Amino acid sequence: MIRIGIIGCGHWGMNHVRIFYFCEGAKVQICCDKDHARLKALHNTYQGLITTTDYNRVIKDKTIDLVVIATPTATHYELVRAALLNGKHVLCEKPLAIKTKETKELVELAKKNNKILMVGFVFLYNKGIIALRDYIKKKTLGKVYYLHFTRTNLGPIRDDVDVIYDLASHDISIASFLLGKWPKKVSTNAGYFLRKKISDTAFITLYYPDNVLVNIHVSWLDPRKVRRITCVGDKKMAVWDDLDTAEPIRIFNKGVLKEPYYADYGEFHLLPREGEVISPLVKLEEPLKKQNSYFLNCVTQNKRPFTDAVFAHNVSKVLEAIQSSIKKKGQIRIIDK
Ligand SMILES: NC(=O)c1ccc[n+]([C@@H]2O[C@H](COP(=O)([O-])OP(=O)(O)OC[C@H]3O[C@@H](n4cnc5c(N)ncnc54)[C@H](O)[C@@H]3O)[C@@H](O)[C@H]2O)c1
């Protein structure tokens with residue numbers, strides 16, 4: 001039986017409590033939040049939970065094997081560090097920390113203490129995203145030209161980090177998972193429409209190897225909730241729509257034909273090619289449930305998760321380069337190796 005402590009039981013942390021509470025082989029032993037009302041709500045829903053407002057009670061408890069951290073991003077570094085130093089395995093929400101200096105330190109600390117540090121890039125456990133990755137890997141779409149991501153909504157607006165750390169961290173993780181590579185360069189323009197120092201809207205371009213372009217549009221200031229990826233290849237095109245639970249993926253057998261232009265040797269006619277649209281069966285499963293049971297498995301079998309601290313550190317390097325590009329008014333910045 002793995003004994004779990006959960007720090008941060010707000011909007012997202014409550015989902016961790018629910019999933020681990022009903023998970024075989026795991027016991028949620030103690031939950032921590034600064035907010036008494038949230039702890040009271042937990043007491044009313046789940047029997048036998050110990051609750052506290054002091055996170056030290058969780059990380060210093062010798063009976064706890066692993067700690068889940070679902071507090072605001074600005075607090076992650078301090079809490080993850082303390083949990084690792086106290087000999088806990090850690091599942092931390094995305095992004096792991098704000099600075100790459102911090103994520104690097106956490107990578108090393110987890111390694112030194114022989115503990116598993118996994119980060120909650122939950123979309124990589126989404127069946128639709130996994131299916132899209134498989135189509136790309138099997139070259140069903142041909143050579144990928146570009147990916148376009150939209151992740152917008154009206155709020156929720158955060159105070160501790162900007163829209164890029166909050167939302168684009170997901171898309172960077174997904175793009176790199178789909179392509180099996182990390183970007184080399186980045187350029188970004190951001191909007192500070194609501195506040196002077198925290199961006200609420202951003203248009204990010206990532207330059208991947210093999211000339212693959214990735215564009216990410218994230219916003220807290222948009223009339224519609226959209227979670228969509230368009231993937232354009234030289235043979236076919238695909239669209240993933242997280243909000244379309246019946247048909248999350250559609251494959252468009254469309255493209256552009258190049259026909260020789262005889263009047264002018266070496267030139268081509270570009271002819272749009274129309275074809276059928278297929279929506280393959282994707283049996284959806286709650287991604288967080290899949291992620292958390294995978295984490296438990298990694299802990300019990302002492303296996304390194306693929307969304308580990310090294311993966312999270314790579315995401316942070318991209319996030320840091322994005323901030324540097326914004327400061328230089330959208331200039332292309334090279335991402336550290
Ligand atoms: N993976 C996902 O899809 C996903 C979705 C939403 C949020 N998140 C991440 O989860 C984290 C939390 O987001 P949220 O939406 O639940 O925020 P939230 O504000 O609803 O909840 C955060 C909770 O942490 C508590 N808290 C803050 N500091 C604390 C401390 N030092 N000790 C104990 N409790 C403390 C707050 O009282 C609050 O209840 C963020 O890092 C966010 O990026 C991930």
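Quick caveat: nothing in here was measured; it's all calculated off a predicted structure. Just so you know, ligand 1 is whichever comes first in the structure, and atom 1 is the first atom listed for that ligand. All heavy atoms count here, side chains included; hydrogens, waters and symmetry mates do not.
- Residue K94 has at least one N or O atom closer than 3.5 Å to an N or O atom of ligand 1.
- Contacts of H170 with ligand 1, taken as heavy-atom pairs under 4.0 Å, involve the side chain alone.
- Although no hydrogens or angles enter the test, the distance criterion places a donor-acceptor pair under 3.5 Å between the side chain of D160 and the main chain of A74.
- Aromatic ring centres of Y125 and F306 lie closer together than 6.0 Å.
- Look at M14 and you'll find every heavy atom at least 4.0 Å from all atoms of ligand 1.
- In this structure, D171 pairs ionically with R151, as a charged nitrogen and a carboxylate oxygen lie closer than 4.0 Å.
- Scanning the protein heavy atoms around atom 21 (O) of ligand 1, the nearest turns out to be G10 CA, 3.3 Å.
- In this structure, atom 20 (O) of ligand 1 lies nearest to the protein heavy atom H11 N, 3.0 Å.
- Each of the atoms 33 (C) of ligand 1 lies under 4.0 Å from some heavy atom of C32.
- Looking from atom 27 (C) of ligand 1 to the surrounding protein, the closest heavy atom is P72 CD, 3.3 Å.
- Atom 38 (C) of ligand 1 has R38 NH1, 3.2 Å as its closest protein atom, hydrogens excluded (heavy atom only).
- Here the heavy atom of the protein found nearest to atom 37 (O) of ligand 1 is D33 OD1, 2.6 Å.
- Nearest protein neighbour of atom 12 (C) of ligand 1, counting heavy atoms only, is A70 O, 3.3 Å.
- Contacts with ligand 1 closer than 4.0 Å are made by side-chain heavy atoms of E93 only, the backbone lying farther away.
- Shortest contact from atom 5 (C) of ligand 1 to any protein heavy atom: W12 CD2, 3.3 Å.
- Considering backbone and side-chain N/O of T71, one or more are found under 3.5 Å from N/O of ligand 1.
- Within ligand 1, the atoms closer than 4.0 Å to a non-hydrogen atom of G120 are 1 (N), numbered from 1 in the order shown.
- Judged by a 6.0 Å distance limit and a 45° cone about the ring axis, K184 is not positioned over the six-membered ring of Y207.
- For atom 15 (O) of ligand 1, the closest heavy atom belonging to the protein is R158 NH2, 3.0 Å.
- Here the side chain of Q29 pairs no donor or acceptor atom with the backbone of I4 at under 3.5 angstrom.
- Taking the centre of each ring, W182 and F311 come in below the 6.0 Å mark.
- Judged by the 6.0 Å distance and 45° axis criteria, R227 is not positioned over the aromatic ring of F149.
- Not one N or O on the side chain of K254 forms a donor-acceptor pair closer than 3.5 Å with the backbone of V277.
- Distances below 4.0 Å separate heavy atoms of G8 from the following atoms of ligand 1: 24 (O).
- Judged purely by distance below 3.5 Å, without hydrogens or angles, the side chains of Y21 and Q47 never pair a donor atom with an acceptor atom.
- A donor atom on one side chain and an acceptor atom on the other are not found under 3.5 Å apart for S325 and Q331.
- A donor and an acceptor atom, one from each side chain of Y294 and T307, are nowhere located under 3.5 Å apart.
- Within the listing of ligand 1, atoms 41 (O) sit less than 4.0 angstrom from a heavy atom of H76.
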